[in-house]
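Read the structure below first, then the notes.
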Amino acid sequence: MNIEDYLLYCMENELAENTIKNYRVTLNQLSQWLQDNTVEYLNKNDLIKFKQFLKAKQYKVDTINHKIDTINIFLTWQHKDDMKLKMLRQQSNSHRASINQNEYRRLLKHSSGELNLFILTIGNTGLRISEVCRLKKRDLYQKNVIVNNKGKTRIIGIPGFVKKKLKTFVALKNDDAVIFGKTQSHYRQALKRCATKAMVDKTKVYPHSLRHYFAKQFIADGGDSTELQQMLGHASIQTTTIYTHLDSDELSRKFKQIKNL
């Protein structure tokens, strides 16, 4: 499959180190599946079977789509666009359960080291997992951090108390080193283990729920939704309103506070 040649191509084009790591994991998984099933030449039918294999392993839709995207990019590099796979359909996450302040604090309390900083960073910046995994040591010495994602650029700030902790964590690394250098899968799994220790529902604990928590706290503290739109990097304000949706418990508390006499 020429995986190493492709990854070298990615390095030459200066893709983020963490992105290349994730590419390697997915492509090696595909390569191993092809070997296990004695597939000599890559073809569309076997790629579809591999997609079914991923579904059978009960990966989340997001995870499978990330893997499909990686494979499709690899196929484009090989000039085999006709073999590209379709993404899985995904239901809207507009009402997906997220963590509250108490649960967020329990996650911090029951985590340490790198994972604690990972939670703290997303919880105080609203960065996506792909974005936080691209942060470098040199970013900690800038007033603002320029974030590039999905063809858009935005500016974010890292609170001083978070910067201080991160600087200590990366003190011995060079300036170009990424702060969180493990795969996205590693951090997702670590969050699930932390949720178990913190006695927080695991289905509510994933990197994006930390971003969701940041957004909800910003609004709860009196922040403006148009400001939040800029901070999160949303093209549409309608996307931002997903993060301001109240769950049933929050709605109940709001109604209890009403006293129109």
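Ring geometry for Tyr6 against Phe74 counts as perpendicular: the plane angle is over 60°, on a 0 to 90° scale with 30° as the lower cut.
Residue Lys49 qualifies as open at atom NZ: its count of foreign heavy atoms under 6.0 Å is 12 or below. The number of heavy atoms from other shown groups lying within 6.0 Å of CZ (Arg105) does not exceed 12. By the 6.0 Å contact criterion, NZ on Lys167 is enclosed, its count of non-hydrogen atoms from other residues, nucleotides or ligands being greater than 12. Heavy-atom contacts from other residues, nucleotides or ligands closer than 6.0 Å to CD of Gln52 number more than 12. Around the CE atom of Met87, the shell of radius 6.0 Å holds more than 12 heavy atoms that belong to other residues, nucleotides or ligands. In this structure, Gln35 places its CD atom where more than 12 heavy-atom neighbours from other residues, nucleotides or ligands lie under 6.0 Å away. For Lys164, the NZ atom is loosely surrounded, since the number of other residues' heavy atoms within 6.0 Å does not exceed 12. Summarising the local packing, NZ of Lys202 is surrounded by 12 or fewer heavy atoms from other residues, nucleotides or ligands at distances under 6.0 Å.
In this structure, Leu166 and Ile179 approach most closely via the heavy-atom pair CD2-CG2, 4.0 Å. In terms of heavy-atom proximity, Ile3 sits nearest to Leu27 at CD1-O, 3.4 Å. Shown here for Lys182 and Tyr187, the closest heavy-atom pair between the two residues is N-OH, 3.2 Å. Taking each heavy atom of Cys133 and Gln184 in turn, the nearest pair found is SG-CG, 4.3 Å. Nearest heavy atoms, Lys204 versus Ser209: O-OG, 2.9 Å. Nearest heavy-atom pair across Arg134 and Asn148 is NH2-O, 2.6 Å.
Separating the OH atom in Tyr213 from the CD1 atom in Ile119 is a distance of 11.5 Å, to the nearest 0.5 Å. Rounding to the nearest 0.5 angstrom, the gap separating the CG atom in Leu107 from the CG atom in Leu210 is 7.0 Å. For the atom pair CD1 (Ile146) and CD1 (Ile156), the distance works out to 10.5 Å, reported to the nearest 0.5 Å. Here Gln217 contributes atom CD and Asn124 contributes atom CG; the two are 10.0 Å apart, rounded to the nearest 0.5 Å. Rounded to the nearest 0.5 angstrom, Glu17 CD and Asn22 CG are separated by 11.0 Å. Between the NZ atom of Lys165 and the OG1 atom of Thr168 there is a distance of 8.5 Å, given to the nearest 0.5 Å.
Of the N and O atoms on the side chains of Asp81 and Thr76, at least one donor lies less than 3.5 Å from an acceptor on the other residue. Side-chain contact, Asn28 with Gln32: no donor N or O sits under 3.5 Å from an acceptor N or O.
One N or O on the side chain of Asn100 and one on the backbone of Asn102 form a donor-acceptor pair closer than 3.5 Å. In this structure a side-chain-to-backbone donor-acceptor pair under 3.5 Å is missing from Asp69 to Asn65. Between the Arg211 side chain and the Gly126 main chain, a donor and an acceptor come within less than 3.5 Å of each other. Distance alone, capped at 3.5 Å, places no donor-acceptor pair between the Thr19 side chain and the Leu15 backbone. Listed for the Thr38 side chain is no donor-acceptor partner under 3.5 Å among the backbone atoms of Leu34. Side-chain atoms of Arg106 come within 3.5 Å of backbone N or O of Ala198 as a donor-acceptor pair. Between the side chain of Lys51 and the main chain of Leu88, no donor-acceptor pair closer than 3.5 Å is present. Of the possible donor and acceptor atoms, none in the side chain of Lys216 sits under 3.5 Å from a partner among the backbone N and O of Ile99. Looking only at distances, a side-chain donor or acceptor of Asn72 sits under 3.5 Å from a matching main-chain atom of Leu85.
Proximity of Asp82 to Lys44: side-chain heavy atoms (C-beta onward) are nowhere separated by under 4.5 Å. Considering only heavy atoms from C-beta on, Val132 stays 4.5 Å or farther from Thr125 through its side chain. No side-chain heavy atom of Asn174 sits less than 4.5 Å from a side-chain heavy atom of Lys137.
Linking ILVMFWY residues whenever their side-chain heavy atoms come closer than 4.5 Å, directly or via other members, places Leu108 and Phe180 in the same cluster. Placement of Val25 and Ile20 in two distinct hydrophobic clusters is found when ILVMFWY residues are connected by side-chain heavy-atom separations under 4.5 Å, directly or transitively. The hydrophobic cluster containing Leu75 also contains Leu54, counting ILVMFWY residues as joined when their side-chain heavy atoms lie under 4.5 angstrom apart, directly or transitively. Using a 4.5 Å cut-off between side-chain heavy atoms of Ile, Leu, Val, Met, Phe, Trp and Tyr, with links allowed through other members, Ile71 and Ile73 fall into the same hydrophobic cluster. Clustering ILVMFWY residues whenever any of their side-chain heavy atoms sit less than 4.5 angstrom apart, transitively, puts Ile155 in a cluster other than the one holding Ile122.
For the pair Arg154 and Glu131, the salt-bridge criterion is met [side-chain N within less than 4.0 Å of a carboxylate O]. Between Lys136 and Asp139 there is no salt bridge, since no side-chain nitrogen of the basic residue lies less than 4.0 Å from a carboxylate oxygen of the acidic one.
For the pair Lys67 and Tyr59, the distance from NZ or CZ to the six-membered ring centre is under 6.0 Å and the angle to the ring normal is within 45 degrees.
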Asn43 and Asp46: CA distance, side-chain angles, deciding distance, side chain to side chain donor-acceptor pair (under 3.5 Å) verdict: CA-CA 6 Å; Asn43 61 75; Asp46 286 313; 2.6 Å; yes
Stepwise side chain to side chain contact (heavy atoms under 4.5 Å, CB included) check, Trp77 with Asn2: CA-CA 11 Å; Trp77 178 75; Asn2 299 323; 4.2 Å; yes
Side chain to side chain contact (heavy atoms under 4.5 Å, CB included) between Thr153 and Val147, worked out: CA-CA 6 Å; Thr153 299; Val147 177; over 6 Å; no
Side chain to side chain contact (heavy atoms under 4.5 Å, CB included) between Leu120 and Phe161, intermediate numbers included: CA-CA 10 Å; Leu120 202 62; Phe161 79 100; 4.1 Å; yes
Step-by-step side chain to side chain contact (heavy atoms under 4.5 Å, CB included) determination, Val178 to Leu135: CA-CA 6 Å; Val178 292; Leu135 283 178; over 6 Å; no
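The ring-ring contact (aromatic ring centres under 6.0 Å, His included) check on Phe214 picks up nothing, with sequence neighbours excluded.
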